[in-house]
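For clarity, every value in this text was computed on a predicted model and none was experimentally measured. Residue numbers begin at 1 in each chain, while the letters A, B, ... track the order of the sequences.
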Amino acid sequence: MPKKTGNTERKEQIRSDALRKVRGRALFIEDIPHDRLLHGATARSPVPHGLIRGFLNIDEVRAMEGVRAVLTAADIPGENTVPFVKDDYPCLAGSEVKFRGQPLALVAAETRDQARAAAEALKADIEEYPAVFEAVDAMRPDTVRVGGDDNIHSSYRIRKGDIDEGFRAADIIVERIYRNSHQVHCYLENMGMTAVPSPSGGVVVSGSMQCPFYVHNALVRVTGLQYSKIRVLQAETGGGFGGKEDMPSLQAAHTALLALKTGRPVRIIYDRREDFIAMSKRHPVRTRIKYGASADGKITACEAEYIVNGGAYCTLSPIVAWRGLIHITGPYEIPNIMADSYVMATNTVPCGAFRGFGQPQANFANESLIDELAEKLDMDPLELRRKNLLKTGSVTATGQRIGESCGMEEALERTVKRISFRRRKSGDPGVKKRGMGLSVTFYGVGLGAEGKYFAKSGAQVYVKEDGSVLVAVGNVEMGQGSETVFTRICADTLGCPYDMVDVLEPDTTRVPDSGPTVASRATMVGGRAVLDAALKVRDALTRSAADIIGVRPFDISVSGHKYVSSDGREAEYIEVVRAAYARREKMAAQGWYRVEGVSFDEKTGQGDAYPVYTFSANACEVEVDTETGQVKVLRLVAAHDIGKAIHTPSAEGQIQGGAVQAVGYALYENLVLEKGRILNPSLTGYTVPTSVDVCDVVPIIVESPYPEGPFGAKGLGEPPMVGPAAAVMNAIYDACGVRVRKTPCLPEDIMEELKKIT
Amino acid sequence: MNISLILNDNKVNIDFNPLRPLLEMLREGFALRSLKEGCGRGECGTCTVLLDGKPVTACMVASGQVEGRSVMTLEGLEGNESFRRIQRAFMETGAVQCGFCTPGFLIAAYALLRDNPSPGREDIRRAVSGNLCRCTGYTKIIDAVERAGEILR
Ligand code: FES
Ligand code: FES
């Protein structure tokens, strides 16, 4: 139900970007007109692996109607690489092609149809090689080589305590294998980019993206231009969920190459099919995991092997697998751990960042297994979790001590209370059976020790003569509400009304490199940079207020929209701004924030992996139709300790949207690949949840403040996606006694398992 | 081919390929940018408009089919007080995240509330089931339509 609130309060709750969006005036990349615009299209590999000998009809394609340029790898002025973790991903395939759909050549033409027709028509001469598609197959010593000499893009390990001793001390041991298939982001706005050549010989690129600075770096590499000749702007972005972290660099590089070649503005917008086929995905993972516990339910040991199918190039996969590994033993204190992760190279579309970044797969495995362990122990799974949960002072798998900000227990208890958690143990008579399931998770906020070189953020705050404020930031709005959060942090710090603050479109020439907008870091890191800048301007305002009131700056504080002296005299914000201008105070300031104190030892996997953790609990009730295998989620409650909610409706929206993506992951979203070919690249072939497929999600916000975060905030973007899949699977087991150890869990999987038990 | 229609309550003419989708005619021919192309195949609802008062996906209607008929987009509905209430309910409820799906949902919601002033949550879910949203998980969108219904009743 909508909350009953008063008028002003309701107005206060409105997001800063809502008005332009309900009026249809937000400018997504396709909404921005350009004179003399050319349309770009990409010719892609029809085979999963092969040697490119050349192109058979490039001159004919160049002569096609409307075509203005055709570019291949040989035409790249800079380096033929789009930098991610490694520099292995070519901008355009040079000699070897490693996955179906890999970009081979680019076309620019007068219309979109002409460009696509030309890209379709271009024929490459490719000698096809044998290919490998599954991660476990890529591990075999005698198989095809896709990357490096062992097909391993990367590996990490954790060694804590004495694993043999841990299992010796256990009364019960459970071990299982869990599998996840790909998940597709399905942001509603497909990827799109425009490049406009600039008079200085450079290029201005704008588009749908999460990481303007990554794009900027990629453009420097591919074009060979110096940094100052390039400008990257983020257009309004219609959802990202990680999918617009890495891939925009590639699309931007393509668009810029065509613009520089033709001297005209060029736009590339993928259609849904192309976006499905060529953009990154959530990684398929195979997890073998084993818990040992004493009879009274203390977990003594955990062993895990987490094998990730990275696809043809490594993109961000090493960091995905690292995050998965760090969290794979669950939010529990476990003394003895041995865990390994491998990212394997295969001839499938490269996987990359997707909300949760390796954790949904890990959590699906460990939280399913916890329920299986509870059953063996003949213990309530809720009790088992309570016994082992991390709390302040506990030590994680990497040996990190959990600090003060730990709302794990509160999140769990409020969740079970809200849903009146009670297991049925397949007790329902009849065809439709109901059951409840639970899962708990933790999430290291930000980039962590393996991404620390990007863990920084810049901002600028500029107070104008009338008290209105411009905020420039390097972290982006993509639907998650960061623009509103920055507005509030700035306004509350300065004492100005929210509607006087405007956040500028992110622009790489306006603020220093602020790292990516990923890993739920925008509020915690970007927010700190805004706070830092706003505090500097506030110092100047405080001096002016002190002057007006006739006290020392020491005696001034900000309350609401007023500057107030300790003896109760006041000056209005706007009056203070005018005085500051009269005094010629500097009314603009740069802010900067850098994350410190993270570490990771690659030999032992020990260290303070992340600065802080978000803690979450999910519970749901499902109904399983035992005649069709259909599962319906009837209720879902999700609690997250996020330190502090800066804008409550946005925080709730993150929780609800993430939970529904996770229900899709658990039950519906099934990408079908056959020898690396995606067979269902559409929104009807691959079904994301619609409004009739899912229930309302009840969000619970737990606030256990993190002193380093702005106003105590941690991060929230990703955690909502992590936990629900296991909760759904545990609920299905409770309802009908079958356990499906894979995502998605389709009706046919349930029917197959049901057959086994009857 | 010359196509004439009533677009957002005005009589208009345009020379446009009748086989091209209405979505393209509206966006490129008339610069109406509130409707979006999320799929181009009738799967997502981001291109929803009213055709003779009924919500349709403009990517699945050929331009030639609207000859002599009435087409209404978000731009044309903004003069309508009831529509503005629905927009306000979406803002106040937090039903807008990335905003790419929002115009389509607003139009579907408007058509629902026009025909059924007191829909239940399940009615609302059904009425917007042709519109995908990947950001919100729908709960707040349903809240918004419910709330707009309360105000407009
Ligand atoms: S673009 Fe028309 S339904 Fe998706
Ligand atoms: S708000 Fe982003 S798709 Fe609905």
Interface moiety of [X] toward chain A, non-hydrogen atoms closer than 4.5 Å:
| X | value |
| --- | --- |
| B:L106 | side chain |
| B:R27 | side chain |
| B:E78 | side chain |
| B:Y138 | side chain |
| B:R41 | side chain |

Given the options [options], which has more heavy-atom pairs under 4.5 Å with chain B than any of the others?
| options | value |
| --- | --- |
| A:R112, A:R273, A:R20 | A:R112 |
| A:Q661, A:M478, A:E236 | A:Q661 |
| A:V697, A:T684, A:L27 | A:T684 |
| A:G657, A:G240, A:G481, A:P649 | A:G657 |
| A:Q656, A:Q480, A:E477, A:R25 | A:Q656 |

| query | Heavy atoms, side chains only, cut-off 4.5 Å: are A:L671 and A:I678 in contact? | reply | yes

| task | Drop me the distance from A:L636's CG to A:I419's CD1, to the nearest 0.5 angstrom. | result | 7.0 Å

| said: Rounded at 0.5 Å granularity, tell me how far CE in B:M72 sits from OH in B:Y110. | reply: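 Going from the CE atom of B:M72 to the OH atom of B:Y110 covers 6.5 Å.
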
Is it true that the side chains of [X] and [Y] contain a donor and an acceptor less than 3.5 Å apart?
| X | Y | value |
| --- | --- | --- |
| B:T73 | B:N8 | yes |
| A:Q654 | A:R355 | yes |
| B:E24 | B:S63 | no |
| A:S208 | A:K244 | yes |

| request: Tell me, please, which residues at least two apart from A:E718 pass salt bridge (charged side-chain N to carboxylate O under 4.0 Å, His left out). | output: none

If we define contacts as heavy-atom pairs under 4.5 Å, which of [options] has the most with chain A?
| options | result |
| --- | --- |
| B:R33, B:Q97, B:E75 | B:Q97 |
| B:G137, B:C98, B:C135 | B:C98 |
| B:C133, B:S129, B:G130 | B:S129 |
| B:R84, B:R88, B:E122, B:E37 | B:E37 |
| B:K36, B:R134, B:R126, B:Q87 | B:R134 |

| Testing B:V49, B:I14, B:V66 for side chain to side chain contact (heavy atoms under 4.5 Å, CB included) with B:L26, which one passes? | B:V49

Side chain from CB out, backbone as N, CA, C, O: work out which of these in [X] comes under 4.5 Å of a heavy atom of chain B, or both, or neither.
| X | answer |
| --- | --- |
| A:S682 | both |
| A:A26 | backbone |
| A:L19 | both |
| A:D275 | neither |
| A:D31 | both |

| According to the interplanar angle, ranging from 0 to 90°, do the rings of A:Y686 and A:F276 count as parallel (below 30°), tilted (30 to 60°) or perpendicular (above 60°)? |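 Because their plane-to-plane angle is over 60°, the rings of A:Y686 and A:F276 count as perpendicular.
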
| said: Quick check: closest heavy atoms across B:G38 and A:N190, and the distance to 0.1 Å? | reply: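 Closest pair (atom of B:G38, atom of A:N190, distance): O-ND2, 3.4 Å.
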
| task | Please test B:Q65 against B:L22 for side-chain contact (heavy atoms from CB on, under 4.5 Å), starting from the C-alpha separation and ending with a verdict. | result | CA-CA 8 Å; B:Q65 280 176 273; B:L22 174 62; over 6 Å; no

